[in-house]
Amino acid sequence: MTTMRETIERRLREALHPESLTVEDESALHAEHGVDGGHYRVRVVAEAFRGKGLVERHRAVYGLFREELKGAIHALALTTLAPGERG
């Protein structure tokens with residue numbers, strides 16, 4: 001069975017061909033809020049982001065998870081960078 005973290009990672013790799021990608025499941029950190037899972041922190045460095053603003057970058061990522069954001073993913077914290085950018 002594939003975990004949601006693995007699904008996020010696979011989909012980002014297929015769509016963006018990132019130079020660097022980190023996906024962390026932070027669900028356990030939010031258990032006291034009464035939400036069972038679905039909190040992820042993503043850091044992705046991809047040429048696809050070059051020349052794009054923050055909103056456009058985030059929309060591109062959120063668009064890959066439209067259905068999951070309706071249920072399986074409760075929160076997706078993003079750091080989206082082009083190669084050479086710091087963040």
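None of these values were measured; they are calculated from a predicted model.
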Beyond-backbone contact of V61 with F49, side-chain heavy atoms, under 4.5 angstrom: yes
Pairs where residues 66-76 contributes a residue and the test salt bridge (charged side-chain N to carboxylate O under 4.0 Å, His left out) is met, not counting sequence neighbours: R11-E68, E67-K70
Non-neighbouring partners of T3 that pass side chain to side chain donor-acceptor pair (under 3.5 Å), sequence neighbours left out: E6
Heavy-atom pair of closest approach, residues A48 and L16: CB-CD2, 4.0 Å
Nearest atoms (heavy-atom pairs only) where H58 meets T80: CD2-OG1, 3.3 Å
Validation row: F65, I8 side chains within 4.5 angstrom (heavy atoms): yes
H74 NE2 to H39 NE2 distance, which is reported to the nearest 0.5 Å: 4.0 Å
Full working for side-chain contact (heavy atoms from CB on, under 4.5 Å) between I73 and M4: CA-CA 8 Å; I73 297 175; M4 182 53 64; 4.1 Å; yes
With sequence neighbours excluded, residues passing side chain to side chain donor-acceptor pair (under 3.5 Å) with R59: none
Non-neighbouring partners of E85 that pass side chain to side chain donor-acceptor pair (under 3.5 Å), sequence neighbours left out: R57
Non-neighbouring partners of R50 that pass side chain to side chain donor-acceptor pair (under 3.5 Å), sequence neighbours left out: E47
Derivation of the side-chain contact (heavy atoms from CB on, under 4.5 Å) call for L21 and V45: CA-CA 6 Å; L21 175 62; V45 179; over 6 Å; no
side-chain contact (heavy atoms from CB on, under 4.5 Å) between L81 and R43, worked out: CA-CA 8 Å; L81 305 166; R43 184 179 189 281; 3.4 Å; yes
Residue pairs, two or more places apart or on separate chains, that pass salt bridge (charged side-chain N to carboxylate O under 4.0 Å, His left out) and touch residues 73-83: none
Closest approach of A46 to P18 (non-hydrogen atoms, all atoms of both residues): CB-CA, 4.0 Å
Side-chain heavy-atom pair T22, V44 within 4.5 angstrom cut-off: no
